[in-house]
Asker: 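The structure that follows is given in the form of structure tokens.
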Amino acid sequence: MAYSNPSPSSRFIITKNSQLNAKNMKRRSTEDNSSFAKKQKIAQQRKSLPIASVEKRILEEVKMNDTLIIVGETGSGKTTQLPQFLFNGGFCRDGRVIGITQPRRVAAVTVAKRVAEECDVELGQKVGYSVRFDDMTSSSTRIKYMTDGLLLREALLDPFLSRYSVIIVDEAHERTVHTDVLLGLLKNVQKARSISTCKESILEGRKKANNSAALKKEINAQCHILLKPCQGSKLSPLKLIIMSASLDARGFSEYFGGAKAVHIQGRQHPVDIFYTHHVEQDYIDAALITILQIHLEEGSGDMLVFLTGQDDIESLQRLIQERVRQLPEGSQKLLIVPIFSSLPSEIQMKVFKPAPHGFRKVILATNIAETSITIPGIKYVIDPGLVKTRSYDPCTRMESLKIVPTSKAQALQRSGRAGREGAGKCFRLYQESEFAKLADSATPEIKRLNLSNVILQLKALGVDDITEFDLMEKLSMRAIEKSLEELILLGALTADKKLSNPVGHQMARFPLEPIYSKALIVASEFNCLEEMLITVAMLLVDSMFYAPREKWEEARDKWKCFSHVEGDHLTLVNVYRASAESLEKSRLAGSKEKTAETILRKWCKENFINYSSLRHARDIHSQIQGHVEQMGLRISSCGDDMLQFRRCLTASFFLKVALKQPDGSYRTFDSSQVVQIHPTSVFFRTKKPECVVFNELIRTERNYIRDITRIDPAWIPELAPQYCSTQS
DNA sequence: GAGCACTGC
């Protein structure tokens, strides 16, 4: 395949970074046990970071500006260093805390560990992290890394985030729902806290004012906040720092009323970008040819290929293996390593293993390698320019997975993966003219989601009118209306769109989508909360069943043992209970030396269950059980009375019902979509029930419903009268 | 008859 050299203007990856202080780059040296040498090494590394030279200036800017935008390129050191600068600059006086949010758990955890090491303190003391299921903080924590979703949860308990003197929102350019909602909230909190500090002085100055109610009104109008006024507590102003990669700094600045933006250089090796001369019809084939071309013509170094999904990865893997046999005798061999999220983690780990001598590693990856996983040793990136994304149609309540072109930001992120350890090359399987046509950044997640959860959370935070809430992205009225309607049908909101009591408040407290919270609350009335806790935990986890292709038959026999005649929900309950039983048995047998982990791992292996998925479900289960207990809901089991459980599913999942059509397909009751039963369902091969509830409605090649249980259609008007009255 | 990208509370 022929590649054109790009025009200089498009080589912007190279421009700023090419002559960077590559000679200053510190390579991880061999193990060093002397703690003094270690400290010295850390100090040296810190000093060599681009951000180190601007410490004073940044501190000044933070002191002078309430909100600061920091544009930091990869490798600038902003995430690890800035909080330390602020700590040393006195921002943690009086026990106040610096909070740094990350979109992902691993990032929060690993960065906190690194910073604790740099500060030479025990993790969880001065420096700590807090993510779901894992809190490493204490009362002495002053620099706290966390996920953005967790800070949102904290805001429900402490609406003014009063412990924090500074909040740093890192990776804001990723625009996750959590980040977007958090930014809106922080804007309000900041306003409220600055008003709170001057409130007293206003009151003082207007002591003579005759109408205190009018004054209160005035203050609240000034706040333009949607938070309830704080009760006499004195709060210090809140500093906000928004950190982003370069493309959209202006958007953040405008959103924060023209906030000042500071640029910090990165430290990345140069990456040469190549485009194709012609349009490639078949990107799998184009990728195959490019891989072979690189292998035969370019120097050593591993390759990373970005593909859209498991299917692409597996078919390209087969194609490469066929072609590799035809390679000339004695040439270097190729080691193909696939990676995508539904692979069990022990298989995912293979990407980190260096290729054996005489092999060149080719990693076939989904988006997981774009941000979530950083693979060392990559010198060549192949980017077809496509990505599979999820979107949501509020009218049909259907999700879809579509393959769309990447954004410019994503293309940059991907090519950057080739320049982490040395100069690299990126081959984009499209023409340079196409790159110019790409959107700057991907559609923010909040535009592609069911808004019910966001709206419920905001209501719980005191935001009554969603359309008044200042988000970076304007939400569609249609999407808002549909979600409000859903929340009313679920009983979270009253007819006049106020949070209902107690159901709405309870639902908002669960870290779950509203429909699952509803199911738990209803289940306590139907005496099947024990089963529903398990069901919800299991439904929230992906890819519970996993088997390599060659063991497919064996696995299916194992899975058959779990299947339940009434459907997938109870099948999942069976899996959960079987695993718990095996754990219990081992304990009774007195195998004390074995940990729960080793017992469960063994059980999972024998039954072709994904251990990390089961582990995740167990974590969710214990967390939501805690919430349920706190709320005083009664946890009881329906025993063998599965009728009760299925009726309970109907009472909560009535928006997700499908009826069988004469031709054997199904039609959703809510929006009359023609849908098929997903191949993973227990009903895929058996006799099809007349009427089902489902967990998920998703469009891929076809419209599919997933996780299905048989119900009686006559139950719907009985158990969801509020819904049926709106259907006529 | 055939299959879901990635996060997060």
Side-chain angles (χ1 to χ4, degrees), chain A residues 101-108 130-135 146-157 171 174-182 306-315 339-343 365-373 386-391 399-404 406 410 413 442 444-446 448-449 453-454 456-457 460 508-514 516-517 536-537 540-547 549 552 556 616 619-620 623-624 626-627 664-665 676-681 683-686 688 695-702 704-707:
Chain A
T101 72
Q102 298 288 329
R104 275 173 296 280
R105 294 162 51 94
V106 261
S130 188
V131 298
R132 190 184 192 183
F133 311 131
D134 191 4
D135 183 11
M146 64 196 131
T147 45
D148 41 19
L150 198 106
L151 185 61
L152 270 179
R153 284 277 144 192
E154 253 186 61
L156 284 174
L157 303 172
E171 313 284 2
E174 287 194 26
R175 302 293 304 277
T176 67
V177 201
H178 287 154
T179 305
D180 273 18
V181 175
L182 187 61
F306 284 100
L307 296 159
T308 58
Q310 183 175 352
D311 263 7
D312 280 1
I313 289 175
E314 286 172 353
S315 53
I339 184 165
F340 43 90
S341 77
S342 62
L343 272 183
T366 59
N367 255 9
I368 196 171
E370 206 175 280
T371 47
S372 312
I373 288 181
L386 297 169
V387 62
K388 198 182 272 186
T389 54
R390 193 176 198 128
S391 59
E399 294 189 309
S400 49
L401 285 166
K402 287 181 207 147
I403 294 173
V404 297
T406 60
Q410 276 175 302
Q413 176 69 29
E445 201 185 6
I446 203 163
R448 301 182 279 117
L449 274 187
N453 202 19
V454 169
L456 184 63
Q457 294 305 313
R509 274 174 63 191
F510 282 109
L512 300 170
E513 289 292 321
Y516 301 115
S517 313
V536 169
L540 292 179
V541 175
D542 301 323
S543 45
M544 189 59 73
F545 301 95
Y546 175 82
R549 208 162 277 261
W552 197 239
R556 217 156 40 198
H616 190 198
D619 282 339
I620 295 175
Q623 189 192 32
I624 55 182
H627 278 93
S665 72
Q676 313 277 334
I677 287 181
H678 196 273
T680 52
S681 172
F683 292 127
F684 185 67
R685 287 157 192 280
T686 62
K688 309 271 179 287
N695 180 49
E696 197 176 27
L697 171 59
I698 193 156
R699 180 187 190 88
T700 51
E701 294 291 304
R702 292 168 163 188
Y704 284 110
I705 49 175
R706 287 188 60 163
D707 295 319

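In what follows, every chain begins at residue 1, and chains take the letters A, B, ... in the order their sequences are listed.
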Asker: Closer to the 5' end of DNA chain B via nearest nucleotide, is it A:Gly309 or A:Leu512?
Answerer: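 Result: A:Gly309.
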Asker: In terms of side-chain geometry, is the basic nitrogen of A:Glu445 or A:Arg390 positioned less than 4.0 Å from the acidic oxygen of its partner?
Answerer: no
Asker: Just checking A:Tyr704: base, sugar-phosphate only, or nothing, at a heavy-atom cut-off of under 4.0 Å?
Answerer: sugar-phosphate
Asker: Below 4.0 Å from chain A heavy atoms, what is the first contacting nucleotide of DNA chain B and what is the last?
Answerer: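 Range of nucleotides within reach of chain A: B:dG1 to B:dC9.
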Asker: Can you tell me how far the OH atom of A:Tyr704 sits from the CZ atom of A:Arg699, to the nearest 0.5 Å?
Answerer: 11.0 Å
Asker: Under 4.0 Å between any heavy atoms, over every strand shown, what does A:Gln623 touch: base, sugar-phosphate, or nothing? Just pick one.
Answerer: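 Result for A:Gln623 = nothing.
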Asker: Residues two or more places apart in sequence or in another chain: which of them pass side-chain hydrogen bond (donor to acceptor under 3.5 Å, both in side chains) with A:Arg448?
Answerer: none
Asker: What contact category does A:Ile698 fall into here, base, sugar-phosphate, or nothing, at under 4.0 angstrom with non-hydrogen atoms?
Answerer: base
Asker: Applying a 4.0 Å non-hydrogen cut-off, can you work out what A:Arg132 is touching in the nucleic acid: base, sugar-phosphate, or nothing?
Answerer: base
Asker: Check whether any side-chain heavy atom of A:Pro514 sits under 4.5 Å from a side-chain heavy atom of A:Asn453, and report yes or no.
Answerer: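 A:Pro514 vs A:Asn453: side chains touch.
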Asker: Contact class for A:Val177 vs. all strands (heavy atom < 4.0 Å): base, sugar-phosphate, or nothing?
Answerer: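 A:Val177: no heavy atom of the nucleic acid under 4.0 Å.
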Asker: Test salt bridge (Lys or Arg N to Asp or Glu O under 4.0 Å) on A:Glu171 and A:Arg104 and set out the steps.
Answerer: CA-CA 10 Å; A:Glu171 313 284 2; A:Arg104 275 173 296 280; 5.5 Å; no
Asker: Could you tell me whether A:Leu150 contacts a base, only the sugar-phosphate backbone, or nothing, with contacts defined as non-hydrogen atoms closer than 4.0 Å?
Answerer: sugar-phosphate
Asker: Decide yes or no for A:His178 and A:Pro103: does some side-chain heavy atom of the first lie under 4.5 Å from some side-chain heavy atom of the second?
Answerer: no
Asker: When we call it a touch if two heavy atoms are under 4.0 Å apart, what does A:Arg706 touch: a base, just sugar-phosphate, or nothing?
Answerer: base
Asker: Does A:Thr680 reach a base, just sugar-phosphate, or nothing at all? Heavy atoms under 4.0 Å.
Answerer: base
Asker: Where each residue is assigned the nucleotide of DNA chain B containing its nearest heavy atom, which of A:Ile368 and A:Lys688 is assigned the position nearer the 5′ end?
Answerer: A:Lys688
